[in-house]
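Step one of this worksheet: look at the structure below.
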Number of protein chains: 2
Amino acid sequence: MAEPERLTKRNAIRQENESRIMAAAEKVFAEAGFGGATMQLIADMAGLPKANLHYYFATKEELYREVVRNIFNFWLHAADTFDKAAGPAEGIGAYIDAKMEISRRHPDGSKVWASEVMHGAPVIQDYLETTLRDWTAGRAALIQRWIDEGKMAPVDPRHLLYMLWATTQHYADFGHQIETLNGGKPLSEKQWKAAKESVKAIILRGIGAI
Amino acid sequence: MAEPERLTKRNAIRQENESRIMAAAEKVFAEAGFGGATMQLIADMAGLPKANLHYYFATKEELYREVVRNIFNFWLHAADTFDKAAGPAEGIGAYIDAKMEISRRHPDGSKVWASEVMHGAPVIQDYLETTLRDWTAGRAALIQRWIDEGKMAPVDPRHLLYMLWATTQHYADFGHQIETLNGGKPLSEKQWKAAKESVKAIILRGIGAI
DNA sequence: CTTCCTCTTGACCATATGGTCAGGTTGTGA
DNA sequence: TCACAACCTGACCATATGGTCAAGAGGAAG
């Protein structure tokens, strides 16, 4: 597939610029939405002239597409914890921890993803129909197995997954609201820990895993 | 406050046009986001010339603000069920039902709200800091009382509220994703019922209310 | 050193969009 | 019927923005 990419100065510059642009784009898309984001603003934030963006990414759509794909892949891989567990308490507990950590560390990515899906997934519909669909079917089957083995209560695996996504991503997507309700301050280390524990406690007890 | 508004033909037309515009705006803002929405599209969808929009709503911001306020108030009132309950099973169960129903009937409003909050609540920040903060404090106190009375497990009321919001609104905001994972078809009557039951079962058991 | 290719960028263009306005139409109240 | 105000709208304008381009700077390879 991808060439090994020799370690020349050129390639270093290219990689550096592309990731600067991607990082800036993720932030701007998250804050302003696709329509509200401007190439000029992304360029400024990346510290490059606007024309240079168009050298690396021909169009705004293309840049956006790359950002979304990037996020999607990141999320998928972050969910590997799920499989390696012997039962729901560990598996789902670890999954909640992982997703909460992502919400904390990469809220912008989460927002871009949410925005993309809310607007009908114009650029990653194919991924939803293939990769995500397969991923979901696999985890649902695993959960069903746990149920059949009597390791947890008989809940609909799909709706459980939706609940996991919703609850964990909420801390990123609605972070501003949570911050406002927290007296205008971001959640502290302690509060994040409490959030994780609360979520895990309610859900794990809710599915009869503890 | 507001004048009783005599029932003249003028007022009827005004009201008709304003609600047509608001409905169209809600849909367009939900589908395209604030930045992606255009006054022209809203006008077309409302069946009015663009200049007429600006007669009723001076600017795009003003129209957007009205839409968001509208949604916010709708949501607040829809949560009255919460208070009238004797305990968590009824109170929170009814709240979940009500919010799921809103997600089903008014997904556009939910999306606009989500978008507004995700972008830092530029137009309803004051509401978050006053009305929503008070509302949240009140319900948190009520939940705490239930806990103190031994009617449910000792969970952090705030995080429980976040979980309720997240889970129920997810069915509207991420409706497209859910639909895709449902074979491309919207949830049926049966499936909506199952969703409600799943959510209620997990959460109510999770907080020790059943 | 020379050649070639990649990269950089200021200036520029076409278009879309929010918003304006003048003149016309319609309802209202006396 | 008349005068006034509310309402309507096609045409228009200023601006912002995505995208282009030609000329030049900077590495890479021989």
Side-chain angles (χ1 to χ4, degrees), chain A residues 2-22 24-29 31-68 112 115 119 122-123, chain B residues 2-22 24-29 31-68 112 115 119 122-123:
Chain A
E3 299 286 325
E5 290 266 340
R6 293 182 45 215
L7 238 72
T8 166
K9 190 172 182 183
R10 275 260 164 82
N11 288 335
I13 289 178
R14 176 166 211 114
Q15 203 169 326
E16 165 74 11
N17 281 343
E18 281 183 351
S19 50
R20 286 172 77 93
I21 294 171
M22 293 282 283
E26 182 173 309
K27 191 166 191 179
V28 173
F29 283 134
E31 286 173 359
F34 178 80
T38 71
M39 293 298 268
Q40 187 63 62
L41 190 58
I42 295 172
D44 291 349
M45 194 157 291
L48 296 170
K50 191 186 69 163
N52 211 353
L53 286 206
H54 283 96
Y55 174 74
Y56 287 102
F57 301 91
T59 67
K60 190 182 173 185
E61 271 83 6
E62 186 184 319
L63 173 55
Y64 176 73
R65 190 190 329 268
E66 285 309 309
V67 170
V68 172
V112 174
S115 198
H119 296 5
V123 322
Chain B
E3 300 284 326
E5 290 267 340
R6 294 183 43 215
L7 237 73
T8 167
K9 190 172 181 182
R10 274 260 163 82
N11 286 335
I13 289 177
R14 177 169 209 113
Q15 204 170 323
E16 165 75 10
N17 281 343
E18 282 182 351
S19 50
R20 287 172 76 94
I21 294 171
M22 292 281 285
E26 183 174 307
K27 190 165 192 181
V28 173
F29 283 134
E31 286 173 359
F34 178 80
T38 72
M39 293 299 267
Q40 187 62 62
L41 191 58
I42 295 172
D44 291 347
M45 193 156 293
L48 295 170
K50 192 185 69 163
N52 210 353
L53 286 205
H54 283 96
Y55 174 74
Y56 287 103
F57 301 90
T59 68
K60 189 182 173 185
E61 271 83 6
E62 186 183 319
L63 173 55
Y64 176 74
R65 190 190 331 266
E66 285 309 309
V67 170
V68 172
V112 173
S115 197
H119 296 12
V123 322

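Letters A, B, ... mirror the listed sequences (proteins, then strands); counts begin at 1. Small disclaimer: the values here were computed from a predicted structure and weren't measured.
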Is A:Arg14 near enough to C:dC7 that one of its side-chain N or O atoms lies under 4.0 angstrom from OP1 or OP2?
-> yes
At under 4.0 Å, does any side-chain N or O of A:Asn52 touch on OP1 or OP2 of C:dG10?
-> no
Do the side-chain N and O atoms of A:Asn11 and A:Gln15 include a donor-acceptor pair separated by under 3.5 angstrom?
-> no
Who pairs with A:Arg65 by side chain to side chain contact (heavy atoms under 4.5 Å, CB included), at least two apart in sequence or on another chain?
-> A:Glu61, A:Arg69, A:Val123
With sequence neighbours left out, what residues match B:Ser19 under side chain to side chain contact (heavy atoms under 4.5 Å, CB included)?
-> none
Can you see which heavy atom on [X] is nearest to which on [Y], and at what distance?
{"X": "A:Ile42", "Y": "A:Ala24", "answer": "O-CB, 3.7 Å"}
{"X": "A:Lys60", "Y": "A:Phe34", "answer": "NZ-O, 2.8 Å"}
{"X": "B:Glu26", "Y": "B:Val112", "answer": "O-CG2, 3.6 Å"}
{"X": "B:Ala37", "Y": "B:Ala32", "answer": "N-CB, 3.7 Å"}

Nucleotide N/O to protein N/O under 3.5 Å, stretch nucleotides 21-24 of chain C:
none

So which protein N/O to nucleotides 27-30 of chain C N/O distances come out below 3.5 Å?
from   : atom 1 : to      : atom 2 : distance (Å)
C:dG27 : OP1    : B:Lys9  : NZ     : 3.2
C:dG27 : N3     : B:Arg10 : NH2    : 3.4
C:dT28 : OP1    : B:Thr8  : OG1    : 2.1
C:dT28 : OP1    : B:Lys9  : N      : 2.8
C:dT28 : OP1    : B:Arg10 : N      : 3.1
C:dG29 : OP1    : B:Arg6  : NH1    : 2.5
C:dG29 : OP1    : B:Arg6  : NH2    : 3.1

Who passes side-chain hydrogen bond (donor to acceptor under 3.5 Å, both in side chains) against B:Glu31, sequence neighbours left out?
-> none
Protein-nucleotide distance ([X], atom [atom1]; [N], atom [atom2]), rounded to Å:
{"X": "A:Lys50", "N": "C:dC12", "atom1": "NZ", "atom2": "P", "result": "14 Å"}
{"X": "A:Leu48", "N": "D:dA25", "atom1": "CG", "atom2": "P", "result": "19 Å"}
{"X": "B:Arg20", "N": "D:dC8", "atom1": "CZ", "atom2": "C1'", "result": "14 Å"}
{"X": "A:Glu18", "N": "C:dT6", "atom1": "CD", "atom2": "C1'", "result": "13 Å"}

B:Glu62: partners by salt bridge (charged side-chain N to carboxylate O under 4.0 Å, His left out), with sequence neighbours left out = none
Could you tell me which residues satisfy salt bridge (charged side-chain N to carboxylate O under 4.0 Å, His left out) with A:Arg10, sequence neighbours excluded, listed by chain and number?
-> none
Numerically ordered, the residues 53-65 of chain B set in heavy-atom contact under 4.0 Å with DNA chain D is B:Tyr55, B:Tyr56
For DNA chain D, find the residues of residues 35-44 of chain B with a heavy-atom distance under 4.0 Å and give them by number; none if there aren't any.
-> none
Quick one: CE on A:Met39 to CD1 on A:Ile21, what's the gap to the nearest 0.5 Å?
-> 8.0 Å
In residues 46-53 of chain A, what donor-acceptor pairs under 3.5 Å come from side-chain atoms, sequence neighbours left out?
none

Could you give all pairs that pass the ring pair (Phe, Tyr, Trp, His ring centres under 6.0 Å) test and reach residues 37-60 of chain A, with sequence neighbours left out?
-> none
